[in-house]
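To find a chain, count down the sequence lines: A is the first, B the second, and so on, and within it residues start at 1.
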Amino acid sequence: MEYNISLVVTPLSHIFEFSLKPTAPFDFSLTVKNPAGWSFFTPFEIFENGTLWSATKVSSTLIGVKMWSEGNISNPVVSVQVFSIEELAISHTKFLIDVIKEALGAEQDLSGFYEMARKDDILKHAVDDLYGMHDGIPPSVFPEAVLAILLQMAPLKRSNEMMASFIQNYGEAAEFDDRQVSAWPVPERISSIEESELARKCKVGYRAKHIVKLAKKLSEEKFPSMQQLAEMSPGEARKALIGLPGIGDYSADIISPHGGFPIDVWSAEVFGKLFFGKKPENNREAVEKVKAEGMRRWGEWSWMAFFYVVQDLPNLSRKMGVDLRLT
DNA sequence: GCGTCCAGGTCTACC
DNA sequence: GGTAGACCTGGACGC
């Protein structure tokens, strides 16, 4: 893989800061650095001693974000510093505060989910282990869609390598608070590169075609923002996402701010064992059956159930006496 | 060392 | 509308 060919490093020296009071229960560490290792903004972000340094582009503005907790699970307070190249207008700072609130899931009320989960033989363990973990809405569609495409037809190790190469070759690094964090590329940049160049540099294979077409669609056409997708009905948002290049049933469930029940051949095995007590004979053929059972069992809470179970696999394996390791 | 298989899906041609 | 086959790449596996 080719790294650091054209990564631009941008120093961010202007700061504005604020604090948030998320809806309790809220566990800051579990929310920004969850056990399965899903990134808050980018896989290159840093989490040390309870503080997160991350970076992203929001409406063409590169920002660095430093966050830490000053409260506790039942009385949560999060301090946030936002770093930018130049001083931001008041309207922009208000917008960014909303973006970070959404990304933290700060206003998410977990009480309904927890009430259901405590009566469920699987989820009662997960919500106990991960009490206060919120799930937020990412600031933009492009990184989520590229991630979904890179997860397709590849072992996780290779997906991670493709993702790292893509960010290092075409992203932008934010330098702030004595840290450097690489942020995801924006569609405007990817739309102008050749598919063959992307395939060669990042070894993404046939996925290069989907990624460049996706970038063109998002940068040249009016596609709903993540916030607008959140305001649509789940069905409308899903329909819009499936219209994107390289995005099908599974990927739409990953990207949608409404969530879904994204069962692939990997999760078909995990959830197959949890639901039916044994490994499916054929993981690929079990996808539809496992997905239907998850939707039947957890209904409107399917996404949160998926999220909590995937984050809690080692504990669930032990507590339920089911070997959830892949075979 | 070499050939074969297949992986945390989606698209397209064909019926 | 339903479905088989193709699709990049690289690691695992058998020989």
Could you tell me how far apart [X] ([atom1]) and [N] ([atom2]) are, to the nearest whole angstrom?
{"X": "A:Leu156", "N": "C:dT9", "atom1": "CG", "atom2": "P", "answer": "20 Å"}
{"X": "A:Leu214", "N": "B:dT10", "atom1": "CG", "atom2": "C1'", "answer": "13 Å"}
{"X": "A:Asn282", "N": "B:dG8", "atom1": "CG", "atom2": "P", "answer": "13 Å"}
{"X": "A:Arg207", "N": "C:dG10", "atom1": "CZ", "atom2": "P", "answer": "10 Å"}

Distance below 4.0 Å between A:Arg284 side-chain N/O and B:dC6 OP1 or OP2: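 The answer is no; no side-chain N or O of A:Arg284 sits under 4.0 Å from OP1 or OP2.
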Steps toward ring pair (Phe, Tyr, Trp, His ring centres under 6.0 Å) verdict (A:Phe47, A:Phe40): CA-CA 10 Å; A:Phe47 185 75; A:Phe40 187 71; over 10 Å; no
Find every protein N or O atom lying less than 3.5 Å from an N or O atom of nucleotides 3-6 of chain C, and list the pairs.
none

Regarding [X], tell me which of base, sugar-phosphate or nothing describes its non-hydrogen contacts under 4.0 Å with the strands shown.
{"X": "A:Ile247", "answer": "sugar-phosphate"}
{"X": "A:Pro262", "answer": "nothing"}
{"X": "A:Leu244", "answer": "sugar-phosphate"}

Check: A:Arg200 side chain, C:dC8 base, donor-acceptor under 3.5 Å: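 Side chain to base: no pair below 3.5 Å.
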Contact nearer the 5' end of DNA chain C, comparing A:Lys209 with A:Lys157: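 Upstream on the strand: A:Lys209.
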Closest to side chain of A:Lys203, choosing from C:dG10, B:dT10, B:dG8: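 Selected nucleotide: C:dG10.
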A:Lys319/A:Asp312 ion pair, N-O < 4.0 Å: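 Looking at A:Asp312 together with A:Lys319, the answer is no, because their closest N to O distance does not fall below 4.0 Å.
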A:Trp298 ring center within less than 6.0 Å of A:Phe307 ring center: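 No, ring centres 6.0 Å or more apart.
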Closest-nucleotide 5' rank along DNA chain B - winner of A:Lys213 and A:Ser159: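 The residue whose closest nucleotide sits nearer the 5' end is A:Ser159.
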Residue mapping more 5' on DNA chain B - nearest nucleotide basis, A:Asp264 or A:Ile242: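 Closer to the 5' end of DNA chain B: A:Asp264.
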Value rounded to 0.5 Å, distance of CZ in A:Phe16 from CG in A:Leu96: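 Answer for the CZ-CG pair, A:Phe16 versus A:Leu96, is 5.0 Å.
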For DNA chain C, the dot-bracket pattern of Watson-Crick and G-U pairs whose distances stay under 3.5 Å, | for other-strand partners: |||||||.|||||||
Path from A:Ile97 to A:Leu62 over hydrophobic side-chain contacts below 4.5 Å: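 Not linked; separate clusters.
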Flag for A:Asn49-A:Thr51: side-chain donor and acceptor within less than 3.5 Å: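 Short answer, no.
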Plane angle bin for A:Phe176 and A:Phe83 - parallel if under 30°, tilted between 30 and 60°, otherwise perpendicular: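 Rings of A:Phe83 and A:Phe176: tilted, 30 to 60°.
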